[in-house]
Amino acid sequence: MSSLELPAREISDGPTPKHAQLHDILEELCNTTLKPGDILPGERLLEETYGVSRITVRRAIGDLVAAGRLRRVRGKGTFVAPNPLVSRLHLASFSDEMSAQDVVASSKILNSGRASAPEAATHFFGAPATEEQIHLRRLRLGDGEPYSIDDGWYNSAFAPSLLENDTYNSVYSILDKTFGVPITDADQTVSAIAANEEIAPLLDVPVGSPLLHIVRCSRSGDKPVEWCSSVYRTDRYHLNTRVSRDTSI
């Protein structure tokens, strides 16, 4: 870290608090010099370089952690956080959205098999409650960092051998190329939940952290194919959409 050239900026007494001045310096460092995953210079070096107190350094870093620009790893240091994945609410797989933003997608399978699906899924599929469906629960990663958990159920009438394929990658691609049921449209419901004791360690967040919860019902034409409940880290996943006024009302 000693070879890193810190921005040549002076922190002075004035109307702007010193922690806010240092915040801007560190944010500039993250934007221009460091990459996601790089470690931030140590607190002592920042104190000496900019002539500020340890409290000022910690306040500036804390504000950037709260904003999602930095992340602390106990016993290792403070690192530049991964760039948030921005979804524009168009229909795309997690893998495709990651690829479009130059992030390497990967998955860890948490659970897979055939089982009785939740009532909401069986209702969407129009199937008897006793009919087993395909279950696939995955931790979704971007550049090796946890972004979300997808708890997906797939209609066994249309993709009976889904789990015999490479489900570490895009399931949407498998549905299209192997089973001939490409996802064409979906209904999504977005809400907020708090990370519980089971989800929090998987997403590497404290218990109680706010998460984005999206329930998606996906079809291939008129065929109900997927029911998926997903939770996302709010510092690594942003929703972006454009709305227009309905002038007929």
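These values consider heavy atoms only, across backbone and side chains, with no hydrogens, waters or symmetry-generated copies.
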Ignoring hydrogens and angles, tell me if any N or O in the side chain of [X] forms a donor-acceptor pair with the backbone of [Y] under 3.5 Å.
{"X": "Asn196", "Y": "Glu198", "value": "yes"}
{"X": "Ser170", "Y": "Ser173", "value": "yes"}
{"X": "Thr184", "Y": "Gly221", "value": "yes"}
{"X": "Ser156", "Y": "Gln133", "value": "no"}
{"X": "Ser53", "Y": "Thr56", "value": "yes"}
{"X": "Arg138", "Y": "Ser112", "value": "no"}
{"X": "Arg114", "Y": "Pro160", "value": "yes"}

May I ask you to check whether over 12 heavy atoms, not counting those of Glu10, lie within 6.0 Å of atom CD? no
Counting neighbours of CD1 on Ile55 that are heavy atoms of other residues, nucleotides or ligands and sit closer than 6.0 Å, is the number greater than 12? no
Among Asn155, Ile183, Asp187, which residue meets the side chain to side chain contact (heavy atoms under 4.5 Å, CB included) test with Arg219? Asp187
Side chain to side chain contact (heavy atoms under 4.5 Å, CB included) partner of Ile134, the single match among Thr167, Val171, Leu162: Leu162
Approximate separation, where rounding is to 0.5 Å, of [X] [atom1] and [Y] [atom2]:
{"X": "Ser148", "Y": "Ile214", "atom1": "OG", "atom2": "CD1", "answer": "9.0 Å"}
{"X": "Ile39", "Y": "Leu70", "atom1": "CD1", "atom2": "CG", "answer": "11.0 Å"}
{"X": "Ser209", "Y": "Ile199", "atom1": "OG", "atom2": "CD1", "answer": "11.0 Å"}
{"X": "Cys228", "Y": "Leu136", "atom1": "SG", "atom2": "CG", "answer": "8.5 Å"}
{"X": "Tyr50", "Y": "Leu26", "atom1": "OH", "atom2": "CG", "answer": "7.0 Å"}
{"X": "Leu22", "Y": "Glu47", "atom1": "CG", "atom2": "CD", "answer": "10.0 Å"}

So do [Y] and [X] actually touch side chain to side chain, heavy atoms under 4.5 Å?
{"X": "Leu40", "Y": "Leu29", "result": "yes"}
{"X": "Leu46", "Y": "Ile61", "result": "yes"}
{"X": "His213", "Y": "Thr189", "result": "no"}
{"X": "Ile149", "Y": "Arg137", "result": "yes"}
{"X": "Leu139", "Y": "Pro146", "result": "yes"}
{"X": "Val190", "Y": "Leu212", "result": "yes"}
{"X": "Val181", "Y": "Tyr154", "result": "no"}
{"X": "Ser106", "Y": "Leu141", "result": "yes"}

Starting from Phe125 and following side-chain heavy-atom contacts under 4.5 Å between hydrophobic residues (I, L, V, M, F, W, Y), which residues can be reached?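 Answer for Phe125: Phe124, Trp153, Val215, Trp227.
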Looking only at heavy atoms, what is the nearest atom pair of [X] and [Y], with distance?
{"X": "Ala117", "Y": "Ala121", "answer": "CB-CB, 3.9 Å"}
{"X": "Asp150", "Y": "Ser230", "answer": "OD1-OG, 2.7 Å"}
{"X": "Cys30", "Y": "Val80", "answer": "SG-CG2, 4.0 Å"}
{"X": "Ser218", "Y": "Tyr172", "answer": "OG-OH, 3.4 Å"}
{"X": "Ala195", "Y": "Pro206", "answer": "CB-O, 4.0 Å"}
{"X": "Arg58", "Y": "Glu43", "answer": "NE-OE1, 3.0 Å"}

Applying side chain to side chain contact (heavy atoms under 4.5 Å, CB included), run through His135 and Asn111 and close with a yes or a no. CA-CA 7 Å; His135 185 208; Asn111 192 14; 3.5 Å; yes
In terms of hydrophobic clusters joined by side-chain contacts under 4.5 Å, are Val207 and Leu203 together? no
Indicate, with yes or no, if Tyr168 and Leu163 share a hydrophobic cluster defined by side-chain heavy-atom contacts under 4.5 Å among Ile, Leu, Val, Met, Phe, Trp and Tyr.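 In one cluster with Leu163: Tyr168, yes.
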Go through the steps for Ser220 and Phe179 under the test side chain to side chain contact (heavy atoms under 4.5 Å, CB included), then give the verdict. CA-CA 11 Å; Ser220 179; Phe179 298 101; over 6 Å; no
Taking distance alone, no hydrogens or angles, what donor-acceptor pairs closer than 3.5 Å link side-chain atoms of residues 13-20 to residues at least two apart or in another chain?
residue	atom	partner	partner atom	Å
Asp13	OD1	Lys18	NZ	3.3
His19	NE2	Arg59	NH2	3.4

Is there a salt bridge (Lys or Arg N to Asp or Glu O under 4.0 Å) between Arg233 and Glu145 once you walk through the steps? CA-CA 11 Å; Arg233 285 184 53 148; Glu145 299 287 346; 5.9 Å; no
Hey, which of Asn31, Asp235, Asp63 is the one that makes side chain to side chain donor-acceptor pair (under 3.5 Å) with Arg69?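 Between Arg69 and the candidates, side chain to side chain donor-acceptor pair (under 3.5 Å) is satisfied uniquely by Asn31.
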Test log, rule side chain to side chain contact (heavy atoms under 4.5 Å, CB included), inputs Leu64 and Glu27: CA-CA 8 Å; Leu64 287 166; Glu27 189 166 41; 4.2 Å; yes
